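Because only heavy atoms are used, hydrogens play no part in the values below, and waters and symmetry mates are left out as well, while side chains stay in. Treat the numbers as computed from the prediction; the structure is a model and nothing was measured. So that the names make sense, note that chain A is the first sequence line, chain B the second, and so on, each numbered from 1.
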Protein chains: 2
Amino acid sequence: MCKLHINLYLYIMDNKKQYTELLVDPSSFLPGVSIDCVVIGFDLTELNILLLQLKKHDLWMLPGGFIHLNEDMDQAATRILEERTGIKLPYLKQFHTFGDVNRRENTKFPGVNHMLGEPFEKMIAFLEKRFISSGYLSLVDIRNCAPTPDAMSDECTWIPVNLLPVLLYDHGDIVKKAMEQLRSRINYMPVGISLMPEKFTMKEFQTLYEKILNKSLDRGNFQKKMLKLEFLVRHEKKLSGGAHKAPYLYSFNKNRYNELVEKGIGYIN
Amino acid sequence: MCKLHINLYLYIMDNKKQYTELLVDPSSFLPGVSIDCVVIGFDLTELNILLLQLKKHDLWMLPGGFIHLNEDMDQAATRILEERTGIKLPYLKQFHTFGDVNRRENTKFPGVNHMLGEPFEKMIAFLEKRFISSGYLSLVDIRNCAPTPDAMSDECTWIPVNLLPVLLYDHGDIVKKAMEQLRSRINYMPVGISLMPEKFTMKEFQTLYEKILNKSLDRGNFQKKMLKLEFLVRHEKKLSGGAHKAPYLYSFNKNRYNELVEKGIGYIN
DNA sequence: AATTAATGTGTAATTTGCACACAATATTTA
DNA sequence: TAAATATTGTGTGCAAATTACACATTAATT
């Protein structure tokens, strides 16, 4: 779903204001294909997913959009994501294309049948056709990310993956598939650099792995394994964390880390 | 590319015969999206890929087609593959969607500009629009497969992967990505059951792995590893294979094998 | 100064990976 | 008929990785 899409539908719902400046000629888009982004962030405790909300209808959805005719699909995904989060150069990868006939049947837009003014007709016709959607998985640092809800007051919020509301269309399936992808390809994705803050404790890093893999890991073995790979730089200790030994802070040697990710590192076997 | 597409273009090239009975209303297809199948077979020596050839133009391409409006994308892939190979219930999985603007620029159809009769105009207009294409990887037993070239005398042939000709559009990239997918997911695909004949020797099974992984494996370790997993059933020996000890023949315990493939087995680490 | 709770590291048992050796055996050949 | 041949089936030893703990360390609290 792109801004255009949302705004248009909001217009349909409200039927008050004029948002014609947001209208784009749908013939500039590749028909039949949309892009949906599963943007994952980590708050050092839980994995979160970036969702858009249409407040009036309590309707949640993935940020998405359409592909311009002169635009590569990957470019379109990058553009759409930047429009939504303000983040540039995120880790972003296509993971699956969803093409069931009924993929929009589960949770539909409410009240689409209400009608509206003339300039929207082409767009409505475009939107109501059948679409397949390519899912893109993005890993971003939740702290560098400025989700920007658009002019129409819909919200753009991080929601914990285990507390997801019912989503539009098949977006729930798309998120599920993205999480499976993340789990099964964890060794080949830069989960650390993409999801962790600049400095972090080993415990926090381990929590990331545990949340992705959905199982607990042995603390000692995790620490030794990660240290032996030599992509972590140790810094000063983090004090005042409680009545116990203070942990070191770590950061990434990015060159070394990216090298290793190419070949596949980590904690699946 | 589907029969329709090929035949249509042959018509354009020849401009002699009438194949109007093959014409389909393009509005019955989802616009902007095609499917291309990378069908892989194993002849006990090499991996082969099923290609279609337009003889007159020495043009090779993947079997492909379009998605009917009332058809799931996976269904469409199954249908297209069955039309091409006669095989039902193959292993068939979407692996990537190719969406570059220029994906049809490298190797184009020759001489599309020649014109033609009226009933084709809609179809031509449909075909010349921009398409993205979802790649499906299929693993089939080359011996149970009856490739059926269509009425128009194009060929449908198994070609060894290391001897591929230049392919239409970006089909070379699609094959390459499919092979990477096969290699990296070998432990999660039923490569054995899908690609091997009913009975086979351990040597032949090992060759399959070596061709997929593109490296040689230690014979003794391969044999022990596979036997320990207990999905192979040992049969009588295969005699008259030369001046040496005769190898056993093996087949799959399909239940056990499929169980293991679910969890991931095999020879990547 | 003792207690507490979490961190950093060590160790032993087990499993797996890897390289190679050796024995077994259909067929060929002398 | 017996030796030679080439390939299969299996064993063995060493290195590396995995796993499950144990133990020592230490910043803050009591």
Side-chain angles (χ1 to χ4, degrees), chain A residues 44-45 186-188 192 196-197 199-252 260 263-269, chain B residues 44-45 183 186-187 192 196-197 199-210 212-253 260 263-269:
Chain A
L44 300 184
T45 304
I186 188 173
N187 293 345
Y188 301 89
M196 298 298 289
K199 292 185 180 181
F200 51 88
T201 68
M202 192 62 81
K203 173 86 176 153
E204 291 162 346
F205 193 33
Q206 183 183 335
T207 300
L208 173 62
Y209 269 77
E210 291 179 330
K211 293 299 174 177
I212 291 175
L213 298 175
N214 200 29
K215 65 176 181 184
S216 60
L217 303 171
D218 181 273
R219 188 181 56 81
N221 294 333
F222 181 87
Q223 174 134 343
K224 271 176 294 175
K225 180 152 191 168
M226 291 303 177
L227 287 178
K228 197 162 68 174
L229 291 167
E230 294 184 306
F231 60 77
L232 290 176
V233 182
R234 183 176 279 183
H235 299 275
E236 74 286 5
K237 289 190 174 182
K238 179 188 181 184
L239 297 186
S240 198
H244 50 72
K245 181 175 179 178
Y248 290 107
L249 291 173
Y250 298 89
S251 67
F252 291 100
L260 289 173
K263 298 175 190 170
I265 55 159
Y267 227 84
I268 273 195
N269 43 1
Chain B
L44 301 183
T45 303
R183 182 165 41 239
I186 188 171
N187 292 344
M196 298 297 288
K199 292 185 179 179
F200 51 88
T201 67
M202 192 62 81
K203 173 82 175 156
E204 290 161 346
F205 193 33
Q206 183 183 334
T207 300
L208 173 63
Y209 270 77
E210 291 180 331
I212 292 175
L213 298 175
N214 199 30
K215 66 176 180 183
S216 61
L217 303 171
D218 182 272
R219 187 180 57 82
N221 294 331
F222 181 87
Q223 172 133 345
K224 272 176 293 177
K225 180 153 192 170
M226 291 305 175
L227 288 177
K228 197 161 69 176
L229 292 167
E230 294 184 308
F231 60 77
L232 290 176
V233 182
R234 182 176 279 183
H235 298 276
E236 76 285 2
K237 290 190 174 182
K238 178 188 180 184
L239 297 186
S240 198
H244 52 74
K245 182 173 179 178
Y248 289 107
L249 290 173
Y250 298 89
S251 67
F252 291 100
N253 175 333
L260 289 174
K263 298 175 190 169
I265 54 158
Y267 226 86
I268 273 196
N269 42 359

Nearest-angstrom distance from the residue atom NZ of B:Lys224 to C1' of C:dC18 = 9 Å
Could you check if a side-chain atom of A:Glu210 sits within less than 4.5 angstrom of a side-chain atom of A:Phe222, using non-hydrogen atoms only?
-> no
What nucleic acid atoms does B:Tyr250 come within less than 4.0 Å of, heavy atoms only: base, sugar-phosphate, or nothing?
-> sugar-phosphate
In whole angstroms, the gap separating C1' of C:dG10 from NZ of A:Lys225 amounts to 18 Å
What is the distance, rounded to the nearest whole Å, between atom CD of A:Glu236 and atom C1' of D:dA27?
-> 15 Å
Report yes if a donor N or O on one partner sits less than 3.5 Å from an acceptor N or O on the other, where the partners are the side chain of A:Lys245 and the base of C:dT9; otherwise report no.
-> no
Where each residue is assigned the nucleotide of DNA chain D containing its nearest heavy atom, which of B:Ala246 and A:Tyr267 is assigned the position nearer the 5′ end?
-> B:Ala246
Indicate yes or no: at least one non-hydrogen side-chain atom of A:Leu232 is less than 4.5 angstrom from one of A:Phe252.
-> yes
The residue, A:Asn221 or A:Lys238, whose nearest nucleotide of DNA chain D is more 5′ is A:Asn221
Among the candidates D:dT29, C:dA19, C:dT7, find the nucleotide nearest to the side-chain atoms of A:Arg219.
-> C:dT7
Distance, rounded to the nearest Å, where A:Phe222 contributes CZ and C:dT9 contributes P = 15 Å
Distance, rounded to the nearest Å, where A:Asp218 contributes CG and C:dT11 contributes C1' = 13 Å
Are B:Leu260 and B:Glu230 side-chain neighbours, meaning at least one heavy-atom pair lies under 4.5 Å?
-> no
